Number of protein chains: 2
Amino acid sequence: MKVNGIIWNCFLLLILNPNKNLMLKEERQHAILNEVELHNRVLLTDLAEKLDVSIDTVRRDVKELDAENLLTKVHGGAVSLGFVNHSPARSNVYALDKKVSIAKKASTLLRNNSVILIDGGTTCLELARLLPTNIKLTCFTLSLPVAMELLGKPNVETIFIGGTLSRDSQIAVGSNTINALAQIKVDYSFIGTGYVDAEFGLTEFDWEVVQTKKAVINASKKTVLLCISEKLNSQHRFKTCDLNVISTMVTELEPWDKKLDAFKNMNIQLL
Amino acid sequence: MKVNGIIWNCFLLLILNPNKNLMLKEERQHAILNEVELHNRVLLTDLAEKLDVSIDTVRRDVKELDAENLLTKVHGGAVSLGFVNHSPARSNVYALDKKVSIAKKASTLLRNNSVILIDGGTTCLELARLLPTNIKLTCFTLSLPVAMELLGKPNVETIFIGGTLSRDSQIAVGSNTINALAQIKVDYSFIGTGYVDAEFGLTEFDWEVVQTKKAVINASKKTVLLCISEKLNSQHRFKTCDLNVISTMVTELEPWDKKLDAFKNMNIQLL
DNA sequence: AAATATATTGCAAAAAACAGCAAAATTAAA
DNA sequence: TTTAATTTTGCTGTTTTTTGCAATATATTT
C-alpha cells in the first residue's frame, strides 16, 4: 500500500519531470543576474524566453533585483551595475579573476612605444588597470571608465576619441567617433564583445556599438579579442565581424583547451 | 541521465523504505543540508518525497536549519548560504556642499533644448550633478568626471570632445580638442577658473588648459563663469581671458554682496 | 499624432506557508 | 515493564505568496 504509493510517485516523476522545469524564484533571479553580469545588458523578453516564464515574472524579478541594488532596471530590460555605476571599487565585477588573467595575458603583446586602442567593457577595463608600468604607451580609447583608469598610469599618454556617449556602454559612439577613428591606425586594438561564436563571429546587442567596433577594427593593424570563455558559442542580433578579422583571441583558458577547438584552425592566435 | 537519477532514487526508496523508521530528525536534517550543499538549491516537495516524510515535516526541518543559519529558506524550497547574493549595498550618499548653491543658480539659465558645454573642475562637476531633470539638454564636455555624471541623466544627450587627456585636470586638451571645439557653437558654456581678478581677468596655472578654455569660450555664444568667492581677487601665470568676455558670473554670494563690488560695473550679469 | 513596445494594475488560480490539533513516537520516570 | 510527559509528525482549514493573464496606462519610435 505504502510501497504502491511510492511506485506510483516514481511513475509520475518519470512521466512529468522532463516536461516541467521547476525553478525556485531565487534560482531564477540568480540566473538573471548571471546573464546581466555576463552580457552587461539583457532584454526582458529574451530573459522570459530563456527561463521559460512569463514576461511579467521576469519583470517582477528584475524589479526586485533592482530594489536590492544588484542590477539596474531600464526600459525593456536590465543593465549591470558596473555599467552605470562609476565607483572605483569594482569588487562586484563578474568573473573578475578570469578577466584579470585575460588582461595579464593580453598585456604580454605590448612593446615599448606601442600605440594601442582599448575598447570598453569590463574585461578591457581590467586590461587598462593592469597595463605594465615599465613600458611607454600611447593609448586611444572611447570608454569613459577606461580613460579614467589610464589617467592613473604615468607611462601612458591617453587620447580619448570623442563623440556622443552611449549611456549604458559608457563609450563614445556615433558618426563623430567613427570619423575620428578613420584618421588613426594603431598597432593593436583590444576589444571585447557581447557574444562570440565560431561560425557567426562577433555579435552585439546594440547596433550603434557594432558600428563603433567596426570602425575600431578598421583603425587597427591587429585586433585582439578579449573574451571570457562563458561567452563562447553565443550570439545576438547585430554582427560586428567574422572571426577571421581577429588576429588574437584571449580567454582565461589555456590555448589547448577543448572548449577552444572550434577556433583552432581559423588562423587566429589563441592566448 | 536525469531519468537515471530518478530511477535510482526510486530504487533506493524501495530498498530503504522498510528502514525508514530509523531515520531520526537529526539524521534527516543532515540529509537535507547535504542535498542543499550539493545542488545549491532544493525543492521542499522533492525533499519530502526523497525522505519519505510529509511536506510539513520537511518544512519544519528547513525552518529550523534556517534559524540555525545553516541554509536559507525560500518560498518553495531552500538554497545554500553561498548561493544567495549578499548585496554590495552601495550607498550613494554625497554631501551637498556650498557649490550646490552656485550650481542651482547657474541651472536657472537653462531652457528646454539648450545646447550647453560644461567645463571641468569641481564646481562644474557640481553643476553636472544638479542639472534639472525636467528639461532636455544637449551637453558637450571635455571633462571625464563631468561626462560620467552626465551619463546618469536621462534627459541629457552627452557629447564628449575628444583629445589628449590631461592627467591632473582630467579634461581633454591639445590641438585635437581645440579643432573639435572650433566646429561647434553652444548656447551657454559653463566654465570654472583657477583664479579670477577684476582687473587681470581669468588666469590659470596650466598653459594647455588655458588654450582649451579659450577654445571653449570661442565655441559659445555666452560664457558663464562658476566660481566660489574664495577665488576672487587672485591671479596666476597664464591668462585665459578678460572679464568682459564673460556674460554671467555665478558665485555662492548674493549679487549685491560687497565682495562683488569690483565686478559690478563691468557689464557682467551677477547671479 | 499614430503606432508600437513596454509598464502598471487588478485579478484569479495554483502553490506554498502557517496555525492549530490529534495521533504516533520517543523519552523519562515509577 | 508500564505509565505519564514530552516531542515529533501528519492532517485540516485558512492565509499568504507566486504566477500568468487581461485591461489600461505610459513610454518610445515613426
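Lettering of chains follows the sequences in order, A, B, ..., and the numbering in each one begins at 1. The model shown is predicted, which means the values in this text are computed figures rather than measured ones.
In this structure, A/Arg60 places its CZ atom 14 Å from P of D/dT17, rounding to the nearest Å. If you take CG of B/Asn155 and C1' of D/dT28, they are 16 Å apart, rounded to a whole angstrom. When the C1' atom of C/dA16 is taken as reference, atom NZ of B/Lys63 falls 13 Å away, rounded to whole Å. Taking atom CG on A/Leu43 and atom P on C/dT4, their separation rounds to 19 Å, with Å as the unit. We find that CG of A/Leu47 is positioned 13 Å from P of C/dT6, with the value rounded to whole Å. Atoms CG (A/Asp66) and P (C/dA7) sit 12 Å apart, rounded to a whole Å. Atom CD of B/Glu26 is separated from atom C1' of C/dT26 by 14 Å (rounded to the nearest Å). Atom CG in B/Asp61 sits about 13 Å away from atom C1' in D/dG10, given to the nearest Å.
Which of D/dC11, D/dT9, D/dT19 sits closest to the side chain of A/Arg28 comes down to D/dT19. Nearest nucleotide to the side chain of A/Asp56, out of D/dT9, C/dA17, C/dT8: C/dT8. Here the nucleotide nearest the side chain of B/Arg59, chosen from D/dG10, D/dA22, C/dA16, is C/dA16.
Counting any heavy atom pair closer than 4.0 Å across all strands shown, A/Ile55 reaches no nucleic acid atom. Among the protein residues, B/Val62 comes within range of no part of the nucleic acid, since none of its heavy atoms lies under 4.0 Å from any strand.
Residues A/Lys239 and A/Glu204 are not paired through a salt bridge, judged by the lack of any N-O separation under 4.0 Å between the basic side chain and the carboxylate.
The ring of A/Phe160 has its center closer than 6.0 angstrom to the ring center of B/Phe160.
Side-chain contact check for A/Thr240 and A/Lys214: no donor-acceptor pair (N or O, by modelled atom type) lies under 3.5 Å.
The backbone N or O of A/Glu199 sits less than 3.5 Å from a side-chain atom of A/Asp197, completing a donor-acceptor pair.
Residue A/Lys73 places at least one side-chain N or O under 4.0 Å from the OP1 or OP2 atom of C/dA7.
Comparing A/His75 and A/Glu64 by the nucleotide of DNA chain D that holds the closest heavy atom to each, the one mapping nearer the 5' end is A/Glu64.
Within 6.0 Å of CD in B/Glu68 there are more than 12 heavy atoms belonging to other residues, nucleotides or ligands.
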